[in-house]
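As structure tokens, the structure follows; a few thoughts come after it.
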Amino acid sequence: NDLLLTALALALEQQHGQRASRIALEGHGREPLGDAPDVARTVGWFTSIYPVRLELPENPDPGYRLRAIKEELRAIPHKGIGFGLLTQICPDEGLPGLEATADLPVSFNYLGQFDQDFAGGRWSPAAENAGAEIAPAMRRSHEIDILAVVTAGVLRFSLTHSPRRFSVAAMEKLAGDYRQALEMLVDHCLQSAGGLTPHDIDYDGLDQDGLDAILDNLSA
């Protein structure tokens, strides 16, 4: 998600000219929650969805921006599962800071590496067409839905959109900008040694610039 969401933020910056974008981030909802019931013997998704603000720093360095988005995602407790719990338990409370995810224009869901799920097992993906996954008459929750998954060693994206809000040409440009940003970040990662962020060392009160200064002094 760090890499995919940084690339998405860069693509949205290209489209809107703004460094900050708000999206609805979807997950499987199976994060460990301490004393919560053990769900290890259950199957499927519990589906968590929560609002995320992706804010790119002014520094244009791709590594710096990647680390910034990584830190923003790490700051979300339990990968956002608490948002859904609060909105379901207290739907009429109007809790401050809890904006409805349906109000966000873009949703994103990375399903993971399906190759790992089927490797060496007795199950394999069916070759038959399963048909439409969403009813044509269903009302869209978001103007743009982006789905990513790794199958057969290939990262694949699905981008669906509201034809009333966006043209096909606009979505093709967004997809092209997304691919370009992702390839740029991948090239950067292949050519660099990576970089620590404050959450990697679990030290309160240390920002990225301070950590980078310490690392530069240690390598000098």
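Computed over heavy atoms, backbone and side chain alike; hydrogens, waters and symmetry mates excluded.
- Taking hydrophobic clusters as Ile, Leu, Val, Met, Phe, Trp and Tyr residues chained together by side-chain heavy-atom distances below 4.5 Å, I49 does not share a cluster with V149.
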Could you walk me through whether L182 and F157 pass the side-chain contact (heavy atoms from CB on, under 4.5 Å) test, one step at a time?
-> CA-CA 12 Å; L182 188 57; F157 286 89; 4.0 Å; yes
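- Atom-to-atom distance recorded for R19:CZ and L12:CG is 14.5 Å, nearest 0.5 angstrom.
- Inter-residue side-chain proximity for Y178 and Q14 is flagged as unmet; no heavy-atom pair is nearer than 4.5 Å.
- Counting only heavy atoms from C-beta outward, the side chains of L54 and L56 never approach each other to under 4.5 Å.
- L5 is not listed as a side-chain neighbour of V52, based on a closest heavy-atom distance of 4.5 Å or more.
- Residue I69 holds its CD1 atom at 12.5 Å from CG of L4, rounded to the nearest 0.5 Å.
- Connection of L174 to V168 is not established within any shared hydrophobic cluster, with ILVMFWY side chains joined at heavy-atom distances below 4.5 Å, either directly or through further cluster members.
- Scanning both residues, I23 and L104, for their nearest heavy atoms gives O-CD1, 3.2 Å.
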Under the salt bridge (Lys or Arg N to Asp or Glu O under 4.0 Å) criterion, do R53 and E72 qualify, and how do the steps go?
-> CA-CA 8 Å; R53 178 183 172 89; E72 293 171 13; over 6 Å; no
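- In this structure, a donor-acceptor pair under 3.5 Å is present between the side chains of R156 and T151.
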What's the verdict on side-chain contact (heavy atoms from CB on, under 4.5 Å) for M171 and I144, showing C-alpha distance, side-chain angles and the deciding distance?
-> CA-CA 9 Å; M171 291 299 95; I144 301 172; 3.8 Å; yes
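- Checked against side-chain hydrogen bond (donor to acceptor under 3.5 Å, both in side chains), T42 has the following partners two or more places apart in sequence or in another chain: R30.
- The CG atom of D145 lies 4.5 Å from the CZ atom of R140; values are rounded to the nearest 0.5 Å.
- L185 approaches A7 most closely through the heavy-atom pair CD1-N, 3.6 Å.
- For the atom pair Y110 OH and L8 CG, the distance stands at 15.0 Å (nearest 0.5 Å).
- Across all non-hydrogen atoms, the minimal contact from F108 to A148 is CZ-CB, 4.5 Å.
- Under the side-chain hydrogen bond (donor to acceptor under 3.5 Å, both in side chains) test applied with D2, the options R67, K70, R74 reduce to a single match, R74.
- A 4.5 Å side-chain heavy-atom check between S21 and V106 finds every atom pair outside the cut-off.
- Between R65 and the options E58, H188, E13, a side-chain hydrogen bond (donor to acceptor under 3.5 Å, both in side chains) holds for only E13.
- Considering only heavy atoms from C-beta on, L147 comes within 4.5 Å of N109 through its side chain.
- The CG atom of L155 sits 10.5 Å away from the CZ atom of R179 when rounded to the nearest 0.5 Å.
- Between H142 and S107, the shortest heavy-atom contact is CD2-CB, 3.5 Å.
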Please step through side-chain contact (heavy atoms from CB on, under 4.5 Å) for the pair L159 and I146, ending with a clear verdict.
-> CA-CA 5 Å; L159 190 155; I146 301 175; 4.2 Å; yes
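- Here the side chain of Y50 pairs a donor or acceptor atom with the backbone of K79 at under 3.5 angstrom.
- S162 OG to R139 CZ: the interatomic distance, rounded to the nearest 0.5 Å, is 11.0 Å.
- Heavy-atom contacts from other residues, nucleotides or ligands closer than 6.0 Å to CD of Q180 number 12 or fewer.
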Between L10 and M184, is a side-chain contact (heavy atoms from CB on, under 4.5 Å) present by the stated rule, with each step listed?
-> CA-CA 10 Å; L10 292 169; M184 181 268 293; 3.8 Å; yes
